[in-house]
Amino acid sequence: MALRVYNTLTREKEDFKPVNPDKVNMYLCGPTVYKPAHIGHMVGPVIFDTIKRFLVYSGYDVKFVINITDIDDKLINKANELGTTVEKLAKEMTEDYFENLATMGVDSVDLFPYATDHIQDMLDMISTLVKNGHAYPLDGDVYFAVEEDDDYGKLSRRNIDEMMAGTRIETSDKKRNPADFALWKKSKPNEPAWDSPWGPGRPGWHIECSAMSKKHLGETLDIHGGGLDLMFPHHENELAQSECCTGKPFTRYWLHNGLMQAGSSSGKVGGGHDRHGDLTEQKEAQEADKLSGSKGAASVKHLFEVHHPETVRFFLLATHYRSPIDFSDERIQETGKGLERFYRLFETYERVSGNSFYDLKASTTKANSVDLSGEPKAFFAELAQLRDRFWEAMEDDFNTGGAIGFLHDMIRLLNGFIAEQKLESEKTAAAIDALTTGMTLFKELSNILGVFTKPIEEEGADDGLANDLMELIIALRANARKEKQWAIADQIRDGLNALNIVLEDRPEKTSWKRG
RNA sequence: GGCGCCGUGGCCAAGUGGACUAAGGCAGUGGAUUGCAAAUCCACCAUUCGUGGGUUCGAAUCCCACCGGCGCCUCCA
């Protein structure tokens with residue numbers, strides 16, 4: 001089966017065929033760095049990070065770019081509000097963004113170009129557009145003329161006339177068509193400005209993506225991603241200006257991820273919001289809620305104080321990328337509960353084999369996937385079948401939710417094998433080898449999702465004293481059990497449970513862990 | 001008003017014309033195991049996919065209507 005992707009441009013699932021058969025260029029619209037990232041900002045990066053991992057796994061040479069928009073009206077306003085400079089604010093927020101990406105395990109991005117490093121590239125494009133009649137200067141601004149673009153609106157499927165009927169676009173300014181959008185904006189005093197043929201100013205919102213994607217990935221992108229909210233006007237405008245500039249198709253496959261939604265019962269993660277004052281403030285508060293507040297996280301950082309990042313990543317991937325994700329604390333907690341079964345399998349594997357799951361060397365390409373041709377045949381055949389289904393799910397428009405289902409199936413298969421072979425008590429080299437093969441496959445597949453790539457750090461790492469004490473207690477309880485003094489043994493176990501310590505009696509020895 | 005999305009078991013969720021007599025998770029029930037537990041395994045848990053029509057040999061999947069939820073249409077990822 002070949003990879004198929006849903007293309008927003010055609011509204012259909014299509015066979016994936018990049019411009020160059022072996023290479024994939026993908027561009028994801030990054031953030032305007034004017035405020036701390038909230039959970040919604042992580043959806044795209046996590047999904048496209050996973051998409052890149054899968055493409056690389058499938059044998060493609062992938063270049064993945066996320067832009068940083070570090071000049072924009074929102075930045076200017078926010079910086080003024082905070083009494084800082086645009087540069088400082090942008091730098092701070094960019095660092096915040098990078099930190100969050102790293103925490104979420106998004107590490108496949110090849111380049112983060114900055115808008116302010118590409119002003120000349122933007123000016124070049126704008127000049128071309130002015131020259132070929134697709135844009136016109138007006139009092140120091142430069143506007144893109146939507147009427148000069150015959151297929152303007154093809155991505156979001158709207159036409160200019162209907163948009164006018166919407167009445168929400170201001171029709172009072174001097175633009176030729178109210179839908180014309182700014183490529184270049186004349187700067188006011190004390191605003192960041194760059195020289196241009198039309199006087200000092202700054203780029204409009206959309207041009208930076210056109211310029212940077214063209215420079216770093218070429219005139220035709222294979223994949224262009226972003227949140228569904230960006231489809232119009234941002235992507236529509238990018239598309240229009242790029243194609244009018246180069247005369248070539250801008251993007252082969254437009255992939256849009258669904259947006260975070262506030263569950264009615266959510267909102268416990270983020271902080272509360274002040275809701276007093278006049279109407280304007282109320283409106284602002286609503287706007288803030290829409291993006292961050294009751295939607296979940298005041299910031300990603302805050303979210304990570306409550307939930308492990310791996311849980312959050314897994315949570316995001318459990319739903320198909322195009323669907324809206326119903327975000328709530330309870331949902332994530334449930335995800336966390338489900339993950340424990342994965343971690344227990346890893347512990348069990350380490351206990352019976354002496355090897356850490358995290359140290360297993362898994363293949364990073366489909367072509368070199370783990371060899372399942374040997375013995376035991378039945379076990380390997382089931383592994384191979386789950387692997388096939390996992391691949392099929394991922395090839396079907398990156399169905400991570402379905403793929404995760406097969407990972408769960410694989411857990412049961414592996415646990416079943418451990419139980420059936422009695423590996424906790426009777427270790428045979430052949431059986432452990434077979435298990436290791438299975439675990440290696442598991443790692444190979446979970447790596448694609450970017451989960452379980454490294455051990456999760458234990459909270460409040462245990463000092464030696466706690467370990468020694470626990471060993472003593474367990475030894476005492478073992479004696480009691482040997483003497484069949486169940487009351488004492490149970491009293492110890494129950495007492496420890498009350499301290500959030502769980503004992504697990506196994507054939508060889510009793511182990512303990514924090515609950 | 002325009003463009004578009006969604007509605008699958010108690011909850012989350014995959015599946016979008018035939019292998020669906022609908023994955024998987026959480027919760028729950030019964031059994032195996034255990035001194036009893038925990039963990040693990042096995043079994044059960046939607047004759048049904050918002051409602052009503054229609055197309056088709058065949059529909060959760062396509063069409064129409066309706067009900068319900070939501071997004072965008074002003075520089076939100």
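Letters go in sequence order (proteins before strands), and every chain restarts at 1. As a basis for the values below, the full set of heavy atoms in this structure was taken, side chains included, without hydrogen atoms, waters or symmetry mates.
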Trainee: Is any side-chain nitrogen or oxygen of A/K74 closer than 4.0 Å to OP1 or OP2 of B/rC76?
Mentor: yes
Trainee: Would you indicate, yes or no, if B/rC73 has its OP1 or OP2 atom less than 4.0 angstrom from a side-chain nitrogen or oxygen of A/R157?
Mentor: no
Trainee: Please report the shortest heavy-atom distance between A/P192 and A/V86, naming the atom on each side.
Mentor: CG-CG2, 3.8 Å
Trainee: Here's a test for you: under side-chain hydrogen bond (donor to acceptor under 3.5 Å, both in side chains), which of A/T50, A/N399, A/T400, A/D397 qualifies with A/Y321?
Mentor: A/D397
Trainee: When you check the side-chain N and O atoms of A/T10 and A/E14, is any donor under 3.5 Å from an acceptor?
Mentor: yes
Trainee: For a quick check under 3.5 Å, do A/S156 and A/E236 share a side-chain donor-acceptor pair by atom type?
Mentor: yes
Trainee: When the P atoms of B/rG9 and B/rU48 are compared, how many Å lie between them, rounded to an integer?
Mentor: 12 Å
Trainee: When both hydrogen-bonding distances must be under 3.5 Å and the geometry is Watson-Crick or G-U wobble, what is B/rU61 paired with, if anything?
Mentor: none
Trainee: Taking the six-membered ring of A/Y143 as reference, does the NZ or CZ atom of A/R176 fall below 6.0 Å from its centre and within a 45° cone about the axis?
Mentor: no
Trainee: Go through the side-chain N and O atoms of A/E92 and A/Y34 and say whether any donor and acceptor fall under 3.5 Å apart.
Mentor: no
Trainee: According to the Watson-Crick and G-U wobble definitions, with both distances under 3.5 Å, which nucleotide is paired to B/rU55?
Mentor: none
Trainee: Distance check needed: B/rA38 P versus A/E424 CD, whole Å only.
Mentor: 16 Å
Trainee: For the residue pair A/H256 / A/H235, report whether a side-chain donor-acceptor contact shorter than 3.5 Å exists.
Mentor: yes
Trainee: Closest-nucleotide mapping onto RNA chain B: is A/I411 or A/W486 further toward the 5' terminus? I mean the 5' end.
Mentor: A/W486
Trainee: When rounded to the nearest Å, what value does the distance between P atoms of B/rA60 and B/rG50 take?
Mentor: 10 Å
Trainee: Measure from CZ on A/F390 to P on B/rG24 and round the result to the nearest Å.
Mentor: 16 Å
Trainee: Nearest whole angstrom, please: distance from the C1' of B/rC76 to the CZ of A/F232.
Mentor: 14 Å
Trainee: In the structure shown, which nucleotide is the Watson-Crick or G-U wobble counterpart of B/rC72, with both distances under 3.5 Å?
Mentor: B/rG2
Trainee: Do A/H41 and A/N100 pair up side chain to side chain, a donor and an acceptor below 3.5 Å, judged on atom types alone?
Mentor: no
Trainee: For the side chain of A/R412 and the base of B/rC41, is some donor closer than 3.5 Å to an acceptor across the two?
Mentor: no
Trainee: Which pair of non-hydrogen atoms, one from A/D180 and one from A/A145, has the smallest distance, and what is that distance?
Mentor: OD1-CA, 3.4 Å
Trainee: Looking at A/H408, does any N or O in its side chain come under 4.0 Å of the phosphate oxygens OP1/OP2 on B/rG24?
Mentor: no
Trainee: Would you say A/R341 places a side-chain N or O within less than 4.0 Å of OP1 or OP2 belonging to B/rG25?
Mentor: yes
Trainee: Taking the side chain of A/D409 as its heavy atoms from C-beta onward, which of B/rA23, B/rA77, B/rG35 lies nearest to it?
Mentor: B/rA23
Trainee: Looking at A/F315, I'd like to know if the NZ or CZ of A/R331 sits under 6.0 Å from its six-membered ring centre while staying within 45 degrees of the ring's axis.
Mentor: no
Trainee: Between A/M439 and A/F346, what is the shortest heavy-atom contact and its length?
Mentor: CE-CD2, 3.8 Å
Trainee: Identify which one of A/F398, A/Y6, A/Y253, A/F54 satisfies the ring pair (Phe, Tyr, Trp, His ring centres under 6.0 Å) criterion when paired with A/F16.
Mentor: A/Y253
Trainee: Under 3.5 Å, is there a donor-acceptor pair linking the side chains of A/N67 and A/T69?
Mentor: yes
Trainee: When the nearest nucleotide of RNA chain B is assigned to A/G338 and to A/T32 on a heavy-atom basis, which residue is associated with the more 5' position?
Mentor: A/G338
Trainee: Please give, in whole Å, the distance from B/rG4 P to A/E236 CD?
Mentor: 13 Å
Trainee: Between C1' on B/rC36 and CZ on A/R493, what's the gap in Å once rounded to a whole number?
Mentor: 6 Å
Trainee: With a 3.5 Å cut-off and no angle check, do the side chains of A/D150 and A/Y152 form a donor-acceptor pair?
Mentor: no
Trainee: At a heavy-atom distance below 4.0 Å, what parts of residues 502-511 of chain A sit against RNA chain B?
Mentor: A/V502, A/L503, A/E504, A/D505
Trainee: Determine the interatomic distance between C1' on B/rA23 and the same-named atom on B/rA39; round to the nearest Å.
Mentor: 25 Å
Trainee: Under 4.0 Å from any atom of RNA chain B, heavy atoms only: list the residues of residues 42-51 of chain A that qualify, in numerical order.
Mentor: none
Trainee: Looking at A/N257, I'd like to know whether one of its side-chain N or O atoms comes within less than 4.0 Å of OP1 or OP2 on B/rA77.
Mentor: no
Trainee: Could you work out which one of B/rA23, B/rC76, B/rG4 sits closest to the side chain of A/F406?
Mentor: B/rA23
Trainee: Could you check which nucleotide pairs with B/rG7 in any of the strands shown, counting Watson-Crick or G-U wobble with both distances under 3.5 Å?
Mentor: B/rC67
Trainee: When the C1' atoms of B/rU29 and B/rA65 are considered, how many whole Å apart are they?
Mentor: 42 Å
Trainee: Expressed as a whole number of angstroms, how long is the span from A/N415:CG to B/rA38:C1'?
Mentor: 14 Å
Trainee: Please report, rounded to the nearest Å, how far the P atom of B/rG24 is from the CG atom of A/L339.
Mentor: 18 Å
Trainee: Could you run down nucleotides 7-18 of chain B 5' to 3' and tag each one B, S or - for protein heavy-atom contact under 4.0 Å?
Mentor: ----SSSSS---
Trainee: Considering Watson-Crick and G-U wobble pairs with both distances under 3.5 Å, what does B/rG30 pair with?
Mentor: B/rC42
Trainee: State whether the distance check finds a donor on one side and an acceptor on the other, under 3.5 Å, for side chain A/R344 versus base B/rA39.
Mentor: no
